[in-house]
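What you see below is based on every heavy atom in this structure, not just the backbone, and it leaves out hydrogens, waters and symmetry mates. Just so you know, ligand 1 is whichever comes first in the structure, and atom 1 is the first atom listed for that ligand. Heads up: numbering here begins at 1 and tracks the sequence.
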Amino acid sequence: MKQFFVTGISTDVGKTITSAVMVEALEADYWKPVQTGDESDSETISELISNNKTVIHKSSYSLKAPISPHAAAALEGVYIDHNKIHEPKTENHLVIEGAGGVLVPLNDSDTILDIIMPTYYVIVVVKHYLGSINHSLLTIKWLLLKGYDVAVVFNGEPNSASEDIISKITGVSVLGRIGQEASMTKEVIKKYAEELRPAIMAL
Ligand SMILES: Nc1ncnc2c1ncn2[C@@H]1O[C@H](COP(=O)(O)OP(=O)(O)OP(=O)(O)O)[C@@H](O)[C@H]1O
Ligand SMILES: C[C@H](N)[C@H](N)CCCCCC(=O)O
Ligand SMILES: [Mg+2]
């Protein structure tokens, strides 16, 4: 049973879509430890997967405001204590989705990085925009420096100039690409799950 932590170079880059592909490819469980905003990623996952093995585990913290967890928690008078975020027990593989990027604050001192266990294989979702090379190198190099195993998924419109240089400078393996789709459906997720399964299984 393997655990994968899906992070991204920022928010809104395709972590949930990539998580759905990985969940479907592995018939894995899904867990979003810290959710902010009422657009629940867990609900999106349940709408996009087809297999009947997946268990979607309850978020440890689910906050209303669609902003950084530290601020959303403060608005509700909640303190996010990373020591109270416990990985769910399961015999299945586990896909864990972060909130935003790796240094998103949970409180005045802890960040998402503090809930990425050393044993997790970290998947970094990269979406192209002007500035994404810098954000990608910062994220990937920081994770490598911290000793994590890291792989990349490129999501959205292809951009070989960005993708090639990110791969060359970081040296991390690329699981594959998820193209820019007109809309995200169960069928699209299944298509990418089939395509990426060999690379995911080989991690
Ligand atoms: N390859 C794609 N093709 C088409 N739409 C996409 C693709 N990837 C992501 N999207 C859409 O872009 C939006 C952001 O994607 P997603 O929710 O996966 O980002 P995220 O990184 O999980 O965001 P958050 O930080 O809020 O968790 C969603 O509406 C999603 O359906
Ligand atoms: C609301 C959004 N969809 C995510 N859940 C939280 C993103 C926090 C980003 C914080 C930041 O890097 O500025
Ligand atoms: Mg998400």
Side-chain angles (χ1 to χ4, degrees), residues 4-25 28 30-49 56-76 78 80 82 85 95-108 110-116 122-129 131-132 134-136 138-140 142-143 152-159 162-163 174-196:
F4 300 91
F5 194 96
V6 180
T7 186
I9 63 171
S10 185
T11 183
D12 212 32
V13 295
K15 295 188 303 292
T16 302
I17 294 306
T18 302
S19 298
V21 169
M22 294 190 68
V23 162
E24 192 62 23
Y30 173 82
W31 178 45
K32 172 96 174 183
V34 179
Q35 173 69 52
T36 68
D38 47 17
E39 293 278 309
S40 151
D41 287 348
S42 297
E43 283 164 18
T44 303
I45 294 289
S46 68
E47 290 157 9
L48 289 177
I49 57 165
I56 296 176
H57 298 276
K58 190 172 177 314
S59 293
S60 306
Y61 290 92
S62 196
L63 300 153
K64 294 186 190 63
I67 55 179
S68 178
H70 81 285
L75 287 177
E76 297 182 33
V78 167
I80 298 176
H82 76 283
I85 296 178
V95 174
I96 306 159
E97 180 181 346
V102 288
L103 290 184
V104 162
L106 301 175
N107 51 48
D108 292 349
D110 307 315
T111 69
I112 286 290
L113 201 74
D114 293 297
I115 64 170
I116 307 180
V122 184
I123 306 299
V124 178
V125 180
V126 173
K127 177 183 169 188
H128 173 73
Y129 51 82
S132 63
N134 175 53
H135 295 167
S136 302
L138 283 168
T139 302
I140 296 165
W142 187 247
L143 286 162
V152 160
V153 167
F154 290 116
N155 180 46
E157 295 298 342
N159 184 296
S162 294
E163 295 174 18
V174 177
L175 279 190
R177 295 205 89 267
I178 299 172
Q180 186 63 30
E181 299 286 339
S183 65
M184 272 302 162
T185 61
K186 285 179 189 267
E187 290 66 34
V188 168
I189 296 297
K190 274 185 89 160
K191 173 183 82 170
Y192 287 110
E194 296 306 316
E195 278 180 28
L196 272 64

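- For Asp41, the N, O or S atom closest to the Mg ion (ligand 3) goes by the atom name OD2.
- Using a distance-only test at 3.5 Å, with no hydrogens or angles considered, a donor-acceptor pair links the side chain of Lys32 to the main chain of Gly98.
- Minimum interatomic distance between Thr139 and Gly8 (heavy atoms only, all atoms of both residues): CG2-O, 4.2 Å.
- Ligand 1 lies nowhere less than 4.0 angstrom from a heavy atom belonging to Gly98.
- Closest heavy-atom approach to atom 9 (C) of ligand 2 among the candidates Leu103, Val104, Thr111, Thr36: Val104.
- Annotation: atom 20 (P) of ligand 1 to nearest protein heavy atom, Lys15 N, 3.4 Å.
- Of all protein heavy atoms, the one lying nearest to atom 8 (C) of ligand 2 is Ser68 CA, 3.8 Å.
- What you find for Arg177 and Glu195 is that their closest heavy atoms are O-OE1, 4.5 Å.
- For the Mg ion (ligand 3), the N/O/S atoms of Thr11 include none lying under 2.8 Å.
- Contacts of Glu39 with ligand 1, taken as heavy-atom pairs under 4.0 Å, are absent altogether.
- With 2.8 Å as the limit, Glu97 counts as an N, O or S neighbour of the Mg ion (ligand 3).
- Nearest protein heavy-atom neighbour of atom 26 (O) of ligand 1: Thr11 OG1, 3.5 Å.
- Note on ligand 1: Lys32 sits in its first shell, one or more heavy atoms being nearer than 4.0 Å.
- The distance from ligand 2 to the heavy atoms of Thr11 drops below 4.0 Å at these ligand atoms: 2 (C), 3 (N), 4 (C), 7 (C).
- In this structure, atom 5 (N) of ligand 2 is in close contact with the protein, since a protein heavy atom lies within 4.0 Å of it.
- Thr44 and Glu39 are not linked by any side-chain donor-acceptor pair at a separation below 3.5 angstrom, with hydrogens and angles left out of the test.
- The 12-atom threshold is exceeded at NZ of Lys191, counting heavy atoms of other residues, nucleotides or ligands nearer than 6.0 Å.
- Protein heavy atom closest to atom 2 (C) of ligand 1, with residue, atom name and distance, is Met184 CE, 3.4 Å.
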I would like to know whether His128 and Ser162 meet side chain to side chain donor-acceptor pair (under 3.5 Å); could you show each step before the answer?
CA-CA 7 Å; His128 173 73; Ser162 294; 3.1 Å; yes
Ile85 vs Ile80, side-chain contact (heavy atoms from CB on, under 4.5 Å): CA-CA, chis, key distance, verdict:
CA-CA 9 Å; Ile85 296 178; Ile80 298 176; 4.2 Å; yes
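- Residues Gly179 and Tyr192 share a closest heavy-atom pair of N-OH, 3.0 Å.
- In this structure, atom 29 (O) of ligand 1 is not in close contact with the protein, since no protein heavy atom lies within 4.0 Å of it.
- The environment of NZ in Lys64 is sparse: at most 12 heavy-atom neighbours from other residues, nucleotides or ligands sit within 6.0 Å.
- Interface of Ile178 with ligand 1, defined as ligand atoms under 4.0 Å from a residue heavy atom, comprises 1 (N).
- In terms of heavy atoms, Val104 sits closest to Ser68 at CG1-OG, 3.9 Å.
- Atoms of ligand 1 lying under 4.0 Å from any heavy atom of Gly179, numbered from 1 in the order shown and given with element: 1 (N), 2 (C), 3 (N).
- The proximity of Asn155 to ligand 1, defined as any non-hydrogen pair under 4.0 Å, is limited to the side chain.
- Closest to atom 3 (N) of ligand 1 among all protein heavy atoms lies Glu181 N, 2.9 Å.
- Close approach of ligand 1 to Glu97 (heavy-atom distance below 4.0 Å) involves ligand atoms 22 (O), 27 (O).
- Which of Thr18, Thr16, Val13 comes nearest to atom 17 (O) of ligand 1 through a heavy atom is settled by distance: it is Thr16.
- Donor-acceptor pairing under 3.5 Å is recorded for the side chains of His82 and Asp110.
- Residue contacts with ligand 1 for Asp41 involve side-chain atoms from C-beta outward but no N, CA, C or O (heavy atoms, distance under 4.0 Å).
- Considering only non-hydrogen protein atoms, atom 9 (C) of ligand 1 sits nearest to Ile17 CG1, 3.5 Å.
- Atom 12 (O) of ligand 1 has as its closest protein heavy atom Asp12 OD1, 4.7 Å.
- The closest protein non-hydrogen atom to atom 19 (O) of ligand 1 is Gly14 N, 3.1 Å.
- The nearest heavy-atom contact from the protein to atom 5 (N) of ligand 1 is Gln180 NE2, 3.8 Å.
- Within 6.0 Å of atom CG in Asn134, more than 12 heavy atoms from other residues, nucleotides or ligands are found, so the atom counts as buried in its surroundings.
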